[in-house]
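Here the structure is laid out as structure tokens; the discussion comes afterwards.
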Amino acid sequence: GEYIKAMSPEFAVGEYWDTLAYGAGLEYNQDAHRQRIVDWIDAAGGNCTAFDFTTKGILQEACGRSEFWRLIDSKGRAPGVIG
């Protein structure tokens with residue numbers, strides 16, 4: 001957050017790379033992964049956004065395995081940070 005604030009960019013995107021939840025395969029509930037990215041964005045003080053790796057990982061799994069049920073979370077929202 002301090003670096004981004006000092007640079008005063010018009011737009012900044014960071015990466016918070018964290019492992020999705022796996023059991024026998026990719027777990028359906030990725031809320032904790034999504035929240036860790038949101039927490040990282042919040043810690044940057046609103047000066048930076050982040051790549052939505054939660055959505056990327058779920059979308060990759062859903063398309064690669066035709067598991068399109070993954071594209072909605074248990075609350076009816078998109079499963080990543082966009083939801």
Side-chain angles (χ1 to χ4, degrees):
E2 291 179 30
Y3 172 79
I4 297 296
K5 188 175 180 180
M7 299 306 297
S8 300
E10 289 186 36
F11 183 74
V13 178
E15 291 185 11
Y16 180 82
W17 189 260
D18 193 16
T19 303
L20 292 164
Y22 285 89
L26 183 67
E27 295 288 331
Y28 173 71
N29 184 338
Q30 295 294 331
D31 289 349
H33 187 270
R34 169 179 31 201
Q35 190 60 51
R36 287 190 297 271
I37 294 175
V38 170
D39 291 345
W40 185 89
I41 294 168
D42 289 345
N47 298 310
C48 185
T49 187
F51 289 106
D52 188 353
F53 287 116
T54 310
T55 295
K56 184 262 184 205
I58 292 170
L59 185 60
Q60 183 174 330
E61 191 80 3
C63 292
R65 297 180 177 267
S66 297
E67 295 177 345
F68 302 111
W69 49 268
R70 292 184 177 278
L71 300 178
I72 190 168
D73 72 7
S74 62
K75 296 178 183 171
R77 304 176 305 186
V81 176
I82 63 172

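Basis for what follows: all heavy atoms, side chains included, without hydrogens, waters or symmetry-related copies.
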Distance (rounded to the nearest 0.5 Å) between E15 CD and F53 CZ: 4.0 Å
Taking every non-hydrogen atom, the tightest pair across A12 and N47: CB-O, 3.9 Å
Approximate separation, where rounding is to 0.5 Å, of E61 CD and Y22 OH: 6.0 Å
Non-neighbouring partners of A32 that pass side-chain contact (heavy atoms from CB on, under 4.5 Å), sequence neighbours left out: R36
Approximate separation, where rounding is to 0.5 Å, of L20 CG and Q30 CD: 4.5 Å
Whether W40 and Y16 hold their rings parallel, tilted or perpendicular, with breakpoints at 30° and 60°: tilted
Audit row: I37, F51, side-chain contact (heavy atoms from CB on, under 4.5 Å) steps and yes/no: CA-CA 9 Å; I37 294 175; F51 289 106; over 6 Å; no
Cluster overlap F68 with L59, hydrophobic side-chain contacts below 4.5 Å: yes
Heavy-atom pair with the smallest gap, counting every atom of L71 and P79: O-CD, 3.4 Å
Any residue meeting side-chain hydrogen bond (donor to acceptor under 3.5 Å, both in side chains) with D73, in chain and number order, not counting sequence neighbours: R34, R77
D52 CG to H33 NE2 distance, which is reported to the nearest 0.5 Å: 9.0 Å
Heavy-atom side-chain proximity of R65 to L26 below 4.5 angstrom: no
Set of residues satisfying side-chain hydrogen bond (donor to acceptor under 3.5 Å, both in side chains) with respect to N29, sequence neighbours excluded: none
Atom pair CD1 (I72) and OH (Y28), whose distance is rounded to the nearest 0.5 Å: 6.5 Å
Straight-line distance of Q35 CD to D42 CG, nearest 0.5 Å: 7.5 Å
Smallest separation among heavy atoms of G14 and C48, with atom names: N-SG, 3.4 Å
Minimum side-chain heavy-atom gap V81-V38 below 4.5 Å: yes
